[in-house]
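See below for the structure under consideration.
Start at 1 with the first residue, then count along the sequence.
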Amino acid sequence: KQFTYKEIGIFAKTLIETLGYLKSQNIIHRNLSPENIFFTKENDFSSLSIRNFYFCAILGRVQTATGIYGGLWYMAPEMLRDLKYDYKLDIWSVGLTLYIMTTMENPFSNCETRDMILDKLKHKRAFREREELKKYGVNMEILNFISKMLAENPQLRTSCELLQEDDFIKNIAIEERRKEEEDKKLEDEIKKETQM
């Protein structure tokens, strides 16, 4: 289905908060994909949970890990190249998941090998042009937010902390608070009416 601005925002906010928690525990998931993200309440994007920690890594003093794990289409470029990586590995996977939610397509779904994905990235054929996506009605604010996570070079890829401070996430948080306040006010009014 086509996801709304608010659904994508709440999903992104909750997933990034979860990544922040994992980072605080020195954990890289290494297998983030839609198949490993689920919800404990139907149609509640804030009830997100991550499963399948079979391939996770706990970082020590070195703060990097190696190895190739997880679903091919969601692997960050540094893992595809079998290089050392850190927490930003999971940021790529989140960005790609959000890209798919926004555009309704996985840019690597026709790739069967790591080399095929790397070739698409090398020749800048992985992601659609902004103008083309704009024609299809893709929200540019969401796309700008996602693009910060899909920098091929992990040193240029944004961090979890910066994502949490991004205006897109802050606006979603404000909307969530406003909705909670409205719900509370309605609940109080109903209580008053039933007590009369």
Side-chain angles (χ1 to χ4, degrees), residues 1-23 29 31-51 71 73-77 87-110 120-121 124-152 154 156-187 189:
K1 76 171 197 127
Q2 189 71 47
F3 296 97
T4 66
Y5 173 93
K6 188 174 180 184
E7 287 172 335
I8 293 170
I10 292 170
F11 178 85
K13 178 181 171 291
T14 308
L15 192 50
I16 289 161
E17 286 170 354
T18 305
L19 281 189
Y21 173 76
L22 291 178
K23 184 178 179 185
H29 188 279
N31 191 18
L32 275 177
S33 67
E35 292 79 16
N36 290 324
I37 300 167
F38 66 103
F39 305 93
T40 55
K41 296 177 190 166
E42 192 173 337
N43 296 321
D44 182 356
F45 282 70
S46 64
S47 69
L48 176 147
S49 291
I50 296 174
R51 65 179 174 189
W73 295 342
Y74 298 91
M75 287 181 190
Y87 303 101
K88 289 188 177 180
L89 180 90
D90 288 340
I91 298 288
W92 172 275
S93 302
V94 169
L96 189 55
T97 300
L98 292 171
Y99 181 87
I100 293 165
M101 286 177 75
T102 304
T103 63
M104 300 305 292
E105 65 181 27
N106 185 327
F108 305 115
S109 61
N110 63 345
K120 260 190 153 181
L121 290 169
K124 309 289 184 208
R125 293 189 322 244
F127 305 106
R128 288 192 188 229
E129 295 291 328
R130 284 176 181 270
E131 289 307 310
E132 183 184 358
L133 290 171
K134 200 173 187 177
K135 281 185 207 170
Y136 290 119
V138 172
N139 184 299
M140 288 298 112
E141 183 185 1
I142 294 173
L143 197 61
N144 289 337
F145 176 73
I146 293 168
S147 67
K148 296 172 187 177
M149 294 180 257
L150 294 176
E152 190 176 342
L156 302 177
R157 198 175 305 147
T158 193
S159 67
C160 216
E161 295 81 5
L162 289 175
L163 288 171
Q164 288 176 324
E165 294 299 316
D166 193 273
D167 286 342
F168 174 65
I169 294 297
K170 284 183 175 180
N171 291 339
I172 291 296
I174 289 166
E175 283 185 39
E176 278 188 302
R177 277 194 298 274
R178 189 178 299 132
K179 172 103 173 65
E180 285 171 12
E181 288 168 6
E182 287 172 5
D183 289 348
K184 176 80 170 104
K185 188 177 177 182
L186 183 62
E187 190 179 298
E189 286 173 9

Query raised in the report: Is there a side-chain contact between Arg128 and Thr103, using heavy atoms and a 4.5 Å cut-off?
Result: no
Query raised in the report: Heavy atoms, side chains only, cut-off 4.5 Å: are Phe39 and Asp44 in contact?
Result: no
Requested in this report: Could you please spell out the steps behind the side-chain contact (heavy atoms from CB on, under 4.5 Å) verdict for Glu182 and Arg178?
Outcome: CA-CA 6 Å; Glu182 287 172 5; Arg178 189 178 299 132; 3.7 Å; yes
Query raised in the report: CZ of Phe38 to CG of Leu48: how many Å apart, nearest 0.5 Å?
Result: 8.5 Å
Query raised in the report: In terms of the angle between their ring planes, are Phe145 and Phe168 parallel, tilted or perpendicular, with boundaries placed at 30° and 60°?
Result: tilted
**Report entry** Salt-bridge criterion met for Glu175 and Lys179 (N-O under 4.0 Å)
**Finding:** no
Query - Asn139 vs Ile8 side-chain heavy atoms within contact, under 4.5 Å - result: no
Query raised in the report: Hey, does Lys148 have a side-chain heavy atom less than 4.5 Å from the side chain of Leu162?
Result: no
Requested in this report: Please determine, by modelled atom types, if Glu35 and Ser33 share a side-chain donor-acceptor pair under 3.5 angstrom.
Outcome: yes
Query raised in the report: Where do Ser93 and His29 land on the side-chain contact (heavy atoms from CB on, under 4.5 Å) test, with the steps shown first?
Result: CA-CA 10 Å; Ser93 302; His29 188 279; over 6 Å; no
Query raised in the report: For Glu132, does the CD atom sit with more than 12 other heavy atoms under 6.0 Å from it, leaving out its own atoms?
Result: yes
Query raised in the report: Taking C-beta and beyond as the side chain, do Thr4 and Phe45 meet within less than 4.5 Å on heavy atoms?
Result: no
Query raised in the report: Considering only heavy atoms from C-beta outward, does the side chain of Pro34 approach that of Tyr74 to under 4.5 Å?
Result: yes
Query raised in the report: Side chains of Ile91 and Cys160: does their closest heavy-atom pair fall under 4.5 Å?
Result: yes
Report task. Find the distance between CG (Leu32) and OG1 (Thr18) and round it off to the nearest 0.5 Å. Result -> 9.5 Å
**Report entry** Minimum side-chain heavy-atom gap Leu156-Lys88 below 4.5 Å
**Finding:** no
Query - OH-OG1 distance between Tyr5 and Thr102, expressed to the nearest 0.5 angstrom - result: 11.5 Å
Requested in this report: Quick one: pull up CD1 in Ile37 and CG in Leu15 and give me the separation to the nearest 0.5 Å.
Outcome: 5.0 Å
